[in-house]
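The structure appears right after this line, and notes come after that.
Keep in mind that this is a model prediction, so the values were computed, not measured. These numbers come from the heavy atoms of this one structure, side chains and all, not from hydrogens, waters or symmetry mates.
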Amino acid sequence: MTQSLTEPPVRPAAELTLTGDLARPARLTVPDLLAWPQHRVRVSFECATSGVQHHRFEGPLLHDVLHAAGPVFHPARRKDRLRFLIAVRGSDGHHALLTWAEIDPDFAHSPVLLAVGIDDTPLDTAGPQLVLPQDRCGARHISGINAIRVDGRYTSWTADGG
């Protein structure tokens, strides 16, 4: 197929992988994330290099997306999910770490988004963004998410501190 010189090249939708301790690991695009209920938030955060930033984001809750992937919690132990960590990586190498308790409705219930749009602009080709509206600083804001790993292998420290 020949592309017209007047039309911009079509970029494929960005893709993110959900891996780790999940019953249903997945590969998702921004259009896939539109299948979940969408939430809208206005966020102001302080950026070290450019001052206060104000944006409007929309997208599904991180909890909803990860819950659908089936984290492998022990079903009879409610607090088992407290040992699960969530690592998020962007295409530019930035990363952030969250705990399951931050996003779980039974605990902190933070409205963390996998944003599919910013300021009414879709993020289909750029990839979703991690948005933590409760953070004053935007350091955990990750653009172009390409991987999310859920890890429940942490259990506890040993008695000898090792």
Side-chain angles (χ1 to χ4, degrees), residues 1-71 81 84-105 107-152:
M1 178 171 153
T2 306
Q3 182 107 11
S4 165
L5 294 177
T6 59
E7 294 177 22
V10 176
R11 290 179 52 196
E15 189 174 75
L16 75 93
T17 59
L18 300 180
T19 63
D21 296 322
L22 300 169
R24 293 172 296 283
R27 296 179 85 74
L28 301 171
T29 63
V30 167
D32 295 331
L33 294 171
L34 291 168
W36 277 273
Q38 301 295 294
H39 299 264
R40 290 176 179 79
V41 295
R42 290 183 181 273
V43 176
S44 296
F45 56 86
E46 292 180 34
C47 180
T49 57
S50 57
V52 178
Q53 301 288 310
H54 304 278
H55 295 287
R56 293 180 320 278
F57 294 96
E58 63 181 73
L61 293 173
L62 176 62
H63 177 269
D64 292 349
V65 174
L66 293 181
H67 190 264
R81 59 194 135 155
F84 280 68
L85 300 174
I86 304 163
V88 180
R89 183 184 68 215
S91 56
D92 61 359
H94 283 92
H95 56 275
L97 189 63
L98 297 92
T99 66
W100 189 270
E102 286 181 85
I103 64 170
D104 193 298
F107 298 99
H109 199 214
S110 294
V112 177
L113 292 185
L114 286 177
V116 297
I118 178 173
D119 300 328
D120 300 319
T121 301
L123 295 169
D124 293 4
T125 57
Q129 296 185 9
L130 181 70
V131 178
L132 293 96
Q134 69 277 12
D135 284 6
R136 181 184 63 83
C137 167
R140 291 196 296 176
H141 179 100
I142 305 294
S143 297
I145 298 171
N146 62 12
I148 299 175
R149 179 170 178 76
V150 176
D151 190 340

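- Annotation: the span from His95 atom NE2 to Arg89 atom CZ amounts to 10.5 Å, rounded to 0.5 Å.
- In plain terms, the two heavy atoms of Ala14 and Ala126 that are nearest each other are CB-C, 3.9 Å.
- Evaluation of the side chain to side chain donor-acceptor pair (under 3.5 Å) rule for Thr29 yields Asp32 as partners, not counting sequence neighbours.
- Taking 4.5 Å as the limit, every side-chain heavy atom of Gln53 sits out of range of all side-chain heavy atoms of Val43.
- Not counting sequence neighbours, Asp64 has no partner by the side chain to side chain donor-acceptor pair (under 3.5 Å) test.
- Taking the side chain as every heavy atom from C-beta outward, Ile86 and Val112 never approach each other to under 4.5 Å.
- Contact check for Leu113 versus Leu61: side-chain heavy atoms found under the 4.5 Å cut-off.
- Within the 4.5 Å cutoff, the side chain of Leu28 has no heavy atoms near those of the Leu114 side chain.
- Take Ala69 and apply the side chain to side chain contact (heavy atoms under 4.5 Å, CB included) test, not counting sequence neighbours, and it matches Leu18, Leu22.
- The side chain to side chain contact (heavy atoms under 4.5 Å, CB included) check on Ala139 picks up Cys137, with sequence neighbours excluded.
- Under the salt bridge (charged side-chain N to carboxylate O under 4.0 Å, His left out) criterion, Asp104 pairs with Arg81, sequence neighbours left out.
- The side-chain hydrogen bond (donor to acceptor under 3.5 Å, both in side chains) pairs that include a residue from residues 14-27 are Glu15-Arg27, where partners are two or more places apart or lie in different chains.
- Of all heavy-atom pairs between Leu123 and Ala115, the closest is CD1-O, 3.6 Å.
- Sorted by first and then second residue, the side-chain hydrogen bond (donor to acceptor under 3.5 Å, both in side chains) pairs involving residues 115-124 (not counting sequence neighbours) are His55-Asp119, Arg56-Asp120.
- With contacts defined as side-chain heavy-atom distances shorter than 4.5 Å, the pair His63/Ser110 does not qualify.
- Pairing each heavy atom of Gln129 with each of Gly144, the nearest pair is CG-N, 4.3 Å.
- Applying the side chain to side chain donor-acceptor pair (under 3.5 Å) rule to Glu102 yields the partners Arg140; only residues at least two apart in sequence or on another chain are considered.
- For the pair Leu16/Pro128, a side-chain contact is recorded, criterion being any heavy-atom separation below 4.5 Å from C-beta on.
- Taking the side chain as every heavy atom from C-beta outward, Ile148 and Val65 never approach each other to under 4.5 Å.
- Residue pairs meeting the ring pair (Phe, Tyr, Trp, His ring centres under 6.0 Å) criterion with at least one partner in residues 15-50, sequence neighbours excluded, are Phe45-His141.
- Scored by the ring-ring contact (aromatic ring centres under 6.0 Å, His included) test, His109 finds no partners at all (sequence neighbours excluded).
- Atom CD1 of Ile103 is separated from atom CZ of Phe84 by 11.5 Å, given to the nearest 0.5 angstrom.
- Partners of Arg136 under the salt bridge (charged side-chain N to carboxylate O under 4.0 Å, His left out) rule, at least two apart in sequence or in another chain, are Glu46.
- Nearest approach of Pro60 to Val116, heavy atoms of both residues: CD-CG1, 4.1 Å.
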